[in-house]
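Comments concern the structure below.
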Amino acid sequence: MSNTVLFAILLLAPLIGFLFNGLRWKSHNAYLAGTVATVAAGISFLCSVVLVSKLFGEGAVPAVSAKFYEWMAIGGFNVTAGFVIDHISAIMVLVVTGVGTLIHLFSIGYMSHDERPSKYFAYLNLFLFNMLLLILGENLLLMFVGWEGVGLCSYLLIGFWFSDSEKAAAGMKAFITNRIGDAGFLLGIFTIFFLFGTVNFQEIIGRVSGVPDLTWTGPVTLACLFLFIGATGKSAQIPLYVWLPDAMAGPTPVSALIHAATMVTAGVYMICRLNPLFLMAPNVLNVIAIIGAATAVMAATIGLTQWDIKKVLAYSTVSQLGYMFLACGVGAFGAAMFHLMTHAFFKALMFLGSGSVIHAMEGEQDIRKMGHLKKYLPITHATFFIGWVAIIGMPPFAGFFSKDEILWKAFTSPHGHILLWLAGVIGAVCTAFYMTRLMALTFWGKSRVPESVHPHESPPSMSIPLIILAVLSVVGGWIGIPHALGAILPGHPGNWLEHWLHGVILEPAAHGAHPSATLELALMGVSVSLAALSALLAYNFYVTNPERPAQFVSKIRGLYELVYNKYFVDEFYFARIINPLIDASKGMWAYIDVNFIDKTTYAVSDVVRGMGSAAKSFQNGNLQQYAMYIALGVAVTMFLILR
Amino acid sequence: MLTSTDFLFYVLAFISVFFGAAVVIARNPIYSAMSLVITMISVAFLFGALDAWFLAGVQLIVYAGAVTVLFVMVLMLFDLKHEMKTFSKGLLGNGVKLIASGVTLGMLLVYIWSTYATEPTFKPLPPAATSSIKATKDLATSLFTDYIFAFEAIGALLLIIAVGAVTLSRITGGTHHADS
Amino acid sequence: MGKDAFEITLNIVKMILIFLVMVQLVPVLVWAERRVSGFMQNRFGPNRIGPLGLMQLLADAVKFLFKEPFFPAKGVAAMYHAAPVMALIPGALALAAIPLSSAVIVEPFQWLGREFGPYTFLAQGYDFGVGIVMVLGISSLGAYSLLMAGWGSSNKYSLLGAVRASAQMISYELALGLSLVGILMIYGTFSFQEMINQQLGQALHFNALGKEVVISWLPNWGIFYNPLGALIFFCATFAESNRLPFDLPEAEGELVAGFHTEYGGFALLMFYIGEYGHMMVASALVTVFYLGGYTMPFYEITPAYVQQAWFGGMHPNWASLLTGVVFALVMLVKVMLLLWVFIWVRWTLPRFRYDHLMDLGWKTMLPWALFNTILTAAWIAFSWR
Amino acid sequence: MPILDGALKVGLDHYLYLSAVLFVLGMIGVMMRRNVVVILMCIELMLNAVNISFVAFSRYAENVNGQVMVFFVMTIAAAEAAVGLALAVTVFKKFREVNIRFFEHLKG
Amino acid sequence: MSSLLALLIFVAFLAAFGIFIIVGTSALGPKPEVSKAKAMPYESGVVGTEQKDSRMSVKFYLTAILFILFDIEIIFMYPWAITFMDFVKSGQGMYMLGGMGVFVLLFVVGLIWEVKSKALDWN
């Protein structure tokens, strides 16, 4: 079939799913709604596979695209609703549709006894459709439409159980912070249009001038800065990350899909898509790198002190995203994409795992009330174990290859810096610690499960996706084995991903000698061993002698309180930004609105009423006066005409 | 030289203006009705002076013979003693009304003078083109060819007015309680 | 009026003559009425003064002249005195408009050393193109004299009588107007002269549904075309002039004497002149419309023939003058006949009650006149291809 | 005197002057008089003034439309007078007096 | 035109004649002192209650209104009547008949309604 038809089916399947479920939102039949939604996601996955297959093989074509209609044509500026799959978006589309389908499958089981299942699946499908728009859009405007769409769906899904006001507030918070980010993204689009006169990715990349913009206020820097602000909003980086942990209020599959695999990576994807532009703004790259590293470390430390299973995973996501931005900041866009993919697999796996745990524990999310669940949930425990190993970065698993690639690029890239590498390693250490802590408290150790709860294994529809994701977490890393490692492994597997992205992602000009392979192996060894040590420490803390954490915490009470309360960032925002804003507007209202605006409107209405009463005296019923007015009128008009 | 027609016009014009003013100024409404009759008759003769003989006849029959009779009859119906007292001459003092009508009159006369008086073509009264019977026949044919719709509309109007007038007069509270 | 002084003066004299004919005819009629009614009631009527009592009229005239000029106490002077004058005008004007005989054609002739150009003197006061419409208009003014008299004499009964009389007059004016429409359709013109010419000199011929019908022994008069119209018109004229069957408003028995209760002396006589004037106009109209005007029933006798055959020898001016006189006599005979009918009817038919009178006007004569119009219209439309 | 002759020679403008004067007279009457019947009469006067100008124009412009219009104006005037007087009588029955002021009671 | 002048002169003459007679009789006739009783409105001897302007019944002005309306309808028939023959001769008879038919129909409807609604009854 021709590309256009394929693209159409790819895009329209989730939309039709959304409409079908949306129109039947009152029905309680979860299985019907679920199957329809999953089938829709599956169809779009198949189409994306077929389309991506066209990029391989002998008739390989760099990009597959389809143009549907002329969206906007205003003078020189014309935007067509066209979609394209090139090497970068191929990865993204496969990840999004693949993981999306699995999560849809998982949700059938998870949402089976919810009272509004078809509404949930409708939102899910709508999210998928918007995500596809964002990924496949051939110009920034379509991306922006998708960008807003996913923001909307995340709001709808977070606040799905809106009856609970706290969950609804979380939805609002997510949506508002996203909107702030989107504003930056929009300004970025404007500056790009101002700069290049077009919003189409190919044309932008074509028109990027080779000379880097070293100033802080140059147009390219400003554009990249604004785009980065947009990215931080969407991908929860330092200033605008506060919404992600609260977004856990939504159903777990939602957290898995949106707040782990797909939506939050949109910011990274956008930066990688425009990497030639960002390379021209070294200052912005430094900023990205620093913020990325800082987020990674900060989020990781907060993760250490959380007791809610989903909160821990949320902070781990924030820190992993920090890693991806760190990679972008140092110019290793390929590594960022690679980590994005692997992270999607194991993070989705762990979220779904936590989902099935919560499902088993009838909604209990506090890990202090869990423990020794491996006996009751064997499959979940096995898959969770694989995910844990992958995220810590143990060699054969996906996490190791992508994270080490980032650390290596942070160390050697011209934009990289030793401190950035150090931050990355610290982050890795903390990640290892809190992930092991999580594994220990939920699955190993003695069971703290209350009697009323007797956990049971989740049904096959939930466990199958877990198994598939576990396999992917293992296999995912092998497509990007670094050269240094490849050389010593039997069969010398080359770095396929680097070769795949070579055409599209530009490597920063590597000045100075090509770093030696041994240095890379050495650094790899350092990070892996440190991670392993912290994992053992955590195991010791929480399994062998459970009371050690308490003693350790009592020693560093002040620091622990600080970290436990998430560095008081939320409180800071309220105190310094939100409340002053509200007070200022109240003041403005009291002073300006009441005095000036109301007064003027009343003045106008009084004038009109005055004139009205003046005119009223004309209609007093005296017929002869009317005759007089007519005569007067005639006289005046005659006078005017004949003058 | 002053021909008979000109003399005729001036006599009739004087009569109609004089008795027209009488209609407005007369204290007793009956006198104004009578002067209205005389004005109607003089206007009828004016039509004659303009060779519109059929119209003169119709004017005499309709206006002089029917409408003003109705006026006189209705005036006789009211007891005029009360009317006399409410004579509104006092209101004549109302300056604005006079000024307005004065200005209009002035404007009209100036306008007519500026457009027609200086026009030589309209000066002498052209001789009557056709005999008065022929003229009446032209009038009739045009009435029935060009204005047939208006003619039917007038028929309908008269029917409606007849029905309306009767129902209006039927409203209770007749002049004499006996025959209301 | 005419091109030179001679013609103008002659025209004016002619008009005054016609008016005097009317004024003089009134006493004759009064006398005739009293004589005829006398004979009808098997008594003589005035025959003392002068031969057959003719001088009686002169005596009455003189008596009226010297009567006391009475004026009611609270009467409205202007109205009271204007009413009789107003009674006179419509009758006279209407009569002057009706052609009484054939026109007198005068070739240029020499007289007292002055050359007098060709004239044509019409045998009528003045000639409007639209004869009948003008006559109807003028006769509709008659109602005003009644109203003025009624209001002027400030007498309750006379006011009531006046209003009743005028109501009756205007109701019958409707029937009058409508009945004429039939005959007008056939003549196709308003002017009396053309009507008379159409009735002149042929036998009765009309087209009945495509077939040409000629009745040789009947003159081509209007009455045979439209008999119903003629009857309604004649009756309506009775009401117009308040003649007997319809003279309820001034009937002695009913409302004292109606609108001219307060009048005496010559003013009363002027009302009578007005009344008889209306009668004369009515009968003259009937003759013009339905009885062929001043023409003779024997159809070959036309004014040209008479001038040629009877007065061929004389000077053409005198010949046409004499033809005029002959035809004037023919007209007079016809008018006298109809007047006699007026008088005859007065002393035979009883008076109508007022509501019968009005019902007759509105509910019988008007519908019948309408029927007559429709009938004639249909007849003309379908037969006169 | 040619000017006098010129002025005196009766042309279309003389008729228009006359109709203008009559019209304004009627207008003053309508405004001034308080008696409804007199007002109706003044309206008739105004309509007659219009008729004069109609006939004058049709006479000088040699076409018959003016006269047809006069025909219609007359019927309308008669109809208007009939209804106006019917109304006046109804008012008279109620208020024993026919003063234009009483029409104010019709005010909503 | 000249006939109008003739008409006016005739009217003037008539008015003069009338006024002459009125003035004449009042001049010629005896002028006795008018007693109050004599000047009273003559009511055939019965001294009626002095109510000069007694109010008329509604019927009269109703007849006058209806007279106007039907008179106009008759006036409209006159021009039709005189041109009817020409139209018939020129073959348009039916058109004229139709036009007038409608008009007469309205006239008849009006008349019937008047009769039926007893507007013309003098009780």
Side-chain angles (χ1 to χ4, degrees), chain C residues 1-2 11-12 15-16 19 65-69 72-74 81 84-85 88-89 92-93 96 125-128 133 153-157 159 163 167 170-171 173-174 177-178 181 184-185 188-190 256 261-262 265-267 270 354-355 358-359 362-363 366-367 370 373-374 377 380-381 384, chain E residues 2-3 5-7 9-11 13-15 17-19 21-22 24-26 28-32 36 39-44 48 51-54 56 60 63-64 67 70-71 74-75 77-78 81-86 88-89 93-94 96-97 100 104 107-108 111 114-115 120-123:
Chain C
M1 284 292 293
N11 273 338
I12 291 174
M15 266 197 298
I16 292 167
F19 172 66
L65 261 178
F66 287 92
K67 273 213 167 182
E68 177 208 357
K74 283 194 293 308
H81 291 298
V85 175
L88 205 62
I89 295 175
L93 285 181
Y126 36 77
D127 178 24
F128 302 121
V133 173
S153 52
S154 74
N155 168 343
K156 181 152 64 71
Y157 292 108
L159 181 64
V163 171
I170 52 180
S171 326
E173 216 175 293
L174 272 183
L178 199 52
V181 174
L184 281 176
M185 267 188 275
T189 169
F190 282 143
V256 186
T261 345
E262 301 293 334
F266 214 90
M270 286 168 81
Y354 194 70
D355 54 352
M358 293 303 273
D359 287 355
W362 283 94
K363 294 183 182 130
L366 193 56
L370 199 60
T373 322
I374 295 166
I380 291 175
W384 240 292
Chain E
S2 62
S3 55
L5 191 60
L7 179 76
I9 291 170
F10 191 46
V11 167
F13 163 75
L14 286 174
F17 178 80
I19 291 164
I21 289 181
I22 294 293
T25 48
S26 63
L28 287 172
K31 282 183 273 309
K36 192 180 161 315
M40 281 259 292
Y42 178 77
E43 298 184 8
S44 60
Q51 205 193 11
K52 169 183 166 279
D53 31 40
S54 69
M56 292 301 120
F60 291 110
T63 339
F67 161 66
F70 290 118
D71 201 9
I74 289 167
I75 296 288
M77 285 197 195
Y78 282 165
I82 58 173
T83 51
F84 188 59
M85 191 62 88
D86 307 342
V88 165
K89 286 211 167 51
M94 279 310 137
M96 274 298 266
L97 199 63
M100 205 50 198
V104 165
F107 180 94
V108 165
L111 197 60
E114 293 306 321
V115 169
L120 298 165
D121 293 357
W122 295 85
N123 39 26

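Below, read A as the first sequence line, B as the second, and so on, with proteins coming before strands; counting in each chain starts at 1. Everything quoted here is computed from the prediction, not taken from an experiment.
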* **Which atoms of C/Leu370 approach chain E - backbone, side chain, both or neither, heavy atom under 4.5 Å** => side chain
* Heavy-atom distances under 4.5 Å only: say whether E/Phe67 touches chain C with side chain, backbone, both or neither. => both
* Structure fact -> To the nearest 0.5 Å, atom CZ of E/Phe84 lies from atom CD1 of C/Ile380 at 6.0 Å
* Minimum heavy-atom distance between E/Met85 and C/Met185, given as atom pair plus value -> CE-O, 3.6 Å
* To do: Decide yes or no for C/Trp362 and E/Val115: does some side-chain heavy atom of the first lie under 4.5 Å from some side-chain heavy atom of the second?
  => no
* To do: Hey, could you give me the CD1/CZ distance between E/Ile82 and C/Phe190, rounded to the nearest 0.5 Å?
  => 4.0 Å
* To do: For C/Phe266, check ring-ring contact (aromatic ring centres under 6.0 Å, His included) against everything at least two apart and list the hits.
  => none
* What is the distance from atom CG of E/Leu14 to atom CD1 of C/Ile16, rounded to the nearest 0.5 Å? -> 9.5 Å
* Could you pull out the closest heavy-atom pair between E/Thr63 and C/Ser171, with the gap in Å? => CG2-OG, 4.1 Å
* To do: Would you check if E/Ile22 and C/Met270 make a side-chain contact, meaning some heavy-atom pair closer than 4.5 Å?
  => yes
* Parallel, tilted or perpendicular, as decided by the 30° and 60° cut-offs, for the rings of C/Phe19 and E/Phe13 -> perpendicular
* **Sub-4.5 Å side-chain heavy-atom contact between C/Leu178 and E/Phe70** => no
* **Minimum-distance pair of heavy atoms, taken over all atoms of E/Leu111 and C/Pro367** => CD2-CG, 4.3 Å
* To do: With rounding to the nearest 0.5 Å, note down the distance linking CD1 in E/Ile74 to CG in C/Leu366.
  => 6.0 Å
* **From CZ (E/Phe17) to CD1 (C/Ile89), nearest 0.5 Å** => 12.0 Å
* To do: Among the options C/Pro84, C/Gly125, C/Gly177, C/Ala96, pick out the one with the most heavy-atom pairs lying under 4.5 Å from chain E.
  => C/Gly177
* Distance in Å, C/Ile374 CD1 paired with E/Leu97 CG, rounded so as to fall on 0.5 Å steps -> 9.5 Å
